[in-house]
Amino acid sequence: MCSSFLLCPKASTSLILLLLLFFFIIPHHHLHVMSAPAILPAKHNNVTDRSSLLVFKSKISLDPHGVFATWNDTLPFCRWQGVVCGRRHPDRVVSLDLTSLDLFGTVPPHLANLTFLRRIDFSSNHFHGRIPQELSRLSRLQYLDLNTNSFSGMIPSELSHCLGLQFINMSFNKIEGNIPSVFGSLPSLYELDLKNNSISGQILTSLANASSLVVLGLSFNLLSGGIPPSLGKLFVLKALYLEDNNLEGSIPPSLWNISSLEYLYLGNNQLKGSIPQDLGQTLPRLNHLAINFNKMHGSIPMSLSNASLLSLIQLNYNNFSGRIPPNLGSLRHLRFLLLYGNRLEAREPLIGASLLL
Ligand SMILES: *[C@@H]1O[C@H](CO)[C@@H](O)[C@H](O)[C@H]1NC(C)=O
Ligand SMILES: *[C@@H]1O[C@H](CO)[C@@H](O)[C@H](O)[C@H]1NC(C)=O
Ligand SMILES: *[C@@H]1O[C@H](CO)[C@@H](O)[C@H](O)[C@H]1NC(C)=O
Ligand SMILES: *[C@@H]1O[C@H](CO)[C@@H](O)[C@H](O)[C@H]1NC(C)=O
Ligand SMILES: *[C@@H]1O[C@H](CO)[C@@H](O)[C@H](O)[C@H]1NC(C)=O
Ligand SMILES: *[C@@H]1O[C@H](CO)[C@@H](O)[C@H](O)[C@H]1NC(C)=O
Ligand SMILES: *[C@@H]1O[C@H](CO)[C@@H](O)[C@H](O)[C@H]1NC(C)=O
Ligand SMILES: *[C@@H]1O[C@H](CO)[C@@H](O)[C@H](O)[C@H]1NC(C)=O
C-alpha cells in the first residue's frame with residue numbers, strides 16, 4: 001500500500017489526470033467565472049486610455065473656451081468634451097473631435113496609446129510641432145484631420161502602417177519634406193489633402209497605387225518635376241488640385257482619360273503641351289478646368305462644349321492660339337471663362353457666360 005501519493009506512482013498519475021480534467025475538460029464558462037477577477041483586460045486598458053488623454057491635456061498650453069475643464073476626475077473620460085467611446089467597447093476612446101476650439105499646444109506620442117482610435121479631428125486650431133510618427137501604431141485609424149494648424153516637420157511615412165486610413169487632411173500647415181512614397185500603399189485612402197504647405201520633391205509614381213483616391217490635393221506647395229503618367233490609373237478620381245507648384249513638362253495624356261474627373265486645377269506651374277481635341281468627350285463630367293499661368297499652346301478644343309457641366313474654364317496666360325470655339329456659349333452652367341493673356345481670335349459673339357478675354 002502507498003502511504004503518500006507523492007511516493008506512489010499510481011496516485012500521482014491520477015492527480016495529474018485530475019489536474020488535466022480541471023484545466024481542460026471542465027466546460028469553458030466555468031473557467032471564465034473562476035478566472036475573471038484575475039484578468040480584467042478592459043479595466044487595464046481603461047487606465048491606459050485615461051492616462052494617455054491626461055498627457056494629451058498636459059500639452060495644451062492655451063484653452064480659451066475651457067474645453068479641458070471637463071477633463072476632470074468627476075466625470076468618466078468617455079464624457080469629457082471631444083472624447084467619444086465605442087459602442088462595442090464602451091471603455092475605449094474611438095474618436096477625438098476637437099475642431100475649431102482655438103487650442104494651442106503640441107500632440108504627444110502618447111496619443112498612440114489610444115489604440116482603439118478611429119477618428120482624429122484637430123482641425124482649425126493652433127497645434128504646432130511635429131506630427132508624431134507613433135500615430136502609426138493606431139491600426140484602426142480611418143480619419144485624420146489636422147487641417148488649418150501650424151504643424152511642421154515632415155509627414156511621418158510610418159502612417160502608411162495605418163492600413164485603414166481613408167481620409168487625411170493636413171492642408172494649411174507648415175509641413176515640409178516629401179510626400180511619403182508609401183502613401184500609395186494605403187488601399188482605402190479616398191481623400192488626401194496636403195494643400196498649402198511647404199512640401200517639396202516630386203509627385204511619385206507610386207502615389208497612383210492608392211487606387212481609391214477620389215480627391216488629391218497638393219496645391220500651393222513646392223513640388224517640382226513632372227506629373228507622373230501613372231496618375232491616369234486613378235480611375236475614381238474626381239478632384240485633382242496641383243496648382244501653384246513648380247511642375248513642368250507636359251500634361252500626361254493618361255490624365256485626360258480619367259473620365260470621373262470633375263475638378264482639374266493645374267494653374268501656376270510651368271506646364272507645356274496642348275489640350276487634346278477630344279477633351280470634352282474623354283472628361284464628360286468636368287466642372288472646373290483651370291490651366292491658367294502655364295506655357296500651354298495650341299487651340300481650344302471645339303469638344304469642350306460636350307463637357308456640358310463645365311462652369312469654370314480658366315486658360316488665361318498661356319500661349320493658346322486660334323479661334324475661340326463659338327459653341328462655348330452652349331455651356332449652360334458656364335459662369336467663368338478666362339482667356340486673357342493668349343493669342344486667341346474670336347469671330348462670332350459668345351453668349352451666356354461672363355467673359356474675360
Ligand atoms: C468637472 O467637470 C464638470 C463638467 O464641466 C463640472 O460640472 C464639475 O464641476 C467639474 N469638477 C471639478 C472637480 O472641477
Ligand atoms: C504610452 O506611449 C508613450 C510614448 O509613445 C510610452 O512612453 C508610454 O510608455 C505609453 N504608456 C502606456 C501607459 O502605455
Ligand atoms: C481640407 O481642409 C480644407 C480647409 O478646411 C478644406 O478647404 C478642404 O476641402 C479639406 N479637404 C478635404 C479633402 O476635405
Ligand atoms: C496659405 O495659408 C496661409 C495661412 O496658413 C495663408 O496666409 C496663405 O495666403 C495661403 N496661401 C495660399 C496661396 O492660399
Ligand atoms: C505600386 O504598385 C506597383 C505595381 O502595380 C508595385 O510594383 C510597386 O511596388 C507599388 N509601390 C508601392 C509604393 O506600393
Ligand atoms: C485612354 O483610354 C483609351 C480608351 O479607354 C485607350 O485606348 C487609351 O490607350 C488611353 N490613353 C492613355 C494615354 O492612357
Ligand atoms: C458634342 O457636341 C456636338 C455639338 O456641339 C454634338 O454634335 C456631338 O454629337 C457631341 N458629341 C458627343 C460625343 O456628345
Ligand atoms: C507662342 O507661340 C508662338 C508660335 O507658336 C511662338 O513663336 C512663341 O514663342 C510662343 N510664346 C511663348 C511665350 O512661348
Side-chain angles (χ1 to χ4, degrees), residues 147 154-155 157 168-184 189 191-211 213-276 279 282-283 286-298 300-301 304 312-320 338-342:
N147 89 68
M154 312 227 297
I155 302 169
S157 61
I168 298 176
N169 196 343
M170 297 181 177
S171 61
F172 298 94
N173 278 288
K174 296 173 177 162
I175 296 167
E176 299 165 337
N178 301 341
I179 306 166
S181 62
V182 283
F183 267 20
L189 192 63
E191 298 198 345
L192 175 61
D193 197 340
L194 305 175
K195 270 196 223 72
N196 207 310
N197 279 289
S198 300
I199 294 169
S200 55
Q202 304 208 357
I203 304 173
L204 297 173
T205 298
S206 57
L207 198 57
N209 285 16
S211 57
L213 270 180
V214 172
V215 180
L216 178 57
L218 304 175
S219 306
F220 297 103
N221 277 294
L222 307 168
L223 293 165
S224 56
I227 301 174
S230 64
L231 290 190
K233 287 198 304 183
L234 297 171
F235 288 125
V236 292
L237 195 67
K238 284 188 180 169
L240 180 60
Y241 301 103
L242 300 178
E243 81 262 34
D244 281 81
N245 279 289
N246 297 317
L247 298 171
E248 55 191 21
S250 57
I251 301 170
S254 58
L255 215 62
W256 304 113
N257 242 3
I258 308 176
S259 59
S260 52
L261 261 188
E262 295 174 12
Y263 300 92
L264 181 58
Y265 279 84
L266 303 173
N268 281 292
N269 282 293
Q270 258 91 236
L271 298 168
K272 294 184 302 201
S274 55
I275 305 179
L279 171 81
T282 60
L283 302 181
L286 206 56
N287 280 246
H288 291 187
L289 173 66
I291 322 183
N292 47 312
F293 288 96
N294 275 290
K295 297 173 174 170
M296 305 284 291
H297 69 271
I300 300 177
L304 263 190
L312 177 147
I313 301 173
Q314 250 181 295
L315 302 176
N316 47 302
Y317 280 109
N318 279 285
N319 200 8
F320 289 115
L338 283 71
L339 301 175
Y340 57 91
N342 283 293

For a side chain to side chain contact (heavy atoms under 4.5 Å, CB included) check, start with the C-alpha distance between Asn287 and Leu312, then their side-chain angles and the critical distance, and finish with the verdict. CA-CA 7 Å; Asn287 280 246; Leu312 177 147; over 6 Å; no

Shortest non-hydrogen contact from [X] to [Y]?
| X | Y | result |
| --- | --- | --- |
| Ser274 | Gly298 | CB-CA, 4.3 Å |
| Ser206 | Ser181 | OG-O, 3.2 Å |
| Leu304 | Leu289 | CD2-CD2, 4.1 Å |
| Leu231 | Leu255 | CB-CD1, 3.9 Å |

Taking only residues two or more places apart in sequence or in another chain, which ones pass ring pair (Phe, Tyr, Trp, His ring centres under 6.0 Å) with Phe183? none

Is any side-chain heavy atom of [X] less than 4.5 Å from a side-chain heavy atom of [Y]?
| X | Y | value |
| --- | --- | --- |
| Ile275 | Met296 | yes |
| Ile313 | Ile300 | no |
| Leu234 | Leu240 | no |
| Asn294 | Ile251 | no |

Compute whether any side-chain donor of one residue and acceptor of the other, for Ser198 and Glu176, lie under 3.5 angstrom apart. no

I need the [X] [atom1] to [Y] [atom2] distance, nearest 0.5 Å.
| X | Y | atom1 | atom2 | result |
| --- | --- | --- | --- | --- |
| Asn197 | Ser200 | CG | OG | 11.0 Å |
| Leu207 | Lys233 | CG | NZ | 10.5 Å |
| Asn269 | Ser219 | CG | OG | 8.5 Å |
| Leu279 | Leu286 | CG | CG | 6.0 Å |
| Ile258 | Leu264 | CD1 | CG | 8.0 Å |
| Leu218 | Ser171 | CG | OG | 11.0 Å |

Check the pair Glu243, Phe220 against side chain to side chain contact (heavy atoms under 4.5 Å, CB included), reporting the backbone distance first and the verdict last. CA-CA 6 Å; Glu243 81 262 34; Phe220 297 103; 4.0 Å; yes

Partner set under side-chain hydrogen bond (donor to acceptor under 3.5 Å, both in side chains) for [X], not counting sequence neighbours:
| X | answer |
| --- | --- |
| Asn147 | Asp145 |
| Ser230 | none |
| Asn319 | Arg343 |
| Asn342 | none |

Any pair counted as side-chain hydrogen bond (donor to acceptor under 3.5 Å, both in side chains), so long as it reaches residues 247-266, sequence neighbours left out: Tyr265-His288

With side chain to side chain contact (heavy atoms under 4.5 Å, CB included) as the criterion, how do Ile179 and Leu204 come out once you've worked through the C-alpha distance, each side chain's angles and the decisive distance to 0.1 Å? CA-CA 8 Å; Ile179 306 166; Leu204 297 173; over 6 Å; no

Pairing residues for [X] by the side-chain contact (heavy atoms from CB on, under 4.5 Å) criterion, not counting sequence neighbours:
| X | result |
| --- | --- |
| Asn268 | Asp244, Asn292, Phe293 |
| Lys295 | Gln270, Lys272 |
| Val214 | Tyr190, Val236, Lys238 |

Look at the side chain of Asn245 and the backbone N and O of Asn221, then say whether any donor-acceptor pair between them is shorter than 3.5 Å. yes

Given the rule in the side chain to side chain contact (heavy atoms under 4.5 Å, CB included) test, do Leu242 and Leu223 qualify, once you have shown the distances and angles that lead to the verdict? CA-CA 9 Å; Leu242 300 178; Leu223 293 165; 5.5 Å; no

Sequence neighbours excluded - salt bridge (charged side-chain N to carboxylate O under 4.0 Å, His left out) pairs with any residue from residues 194-205: Asp193-Lys195

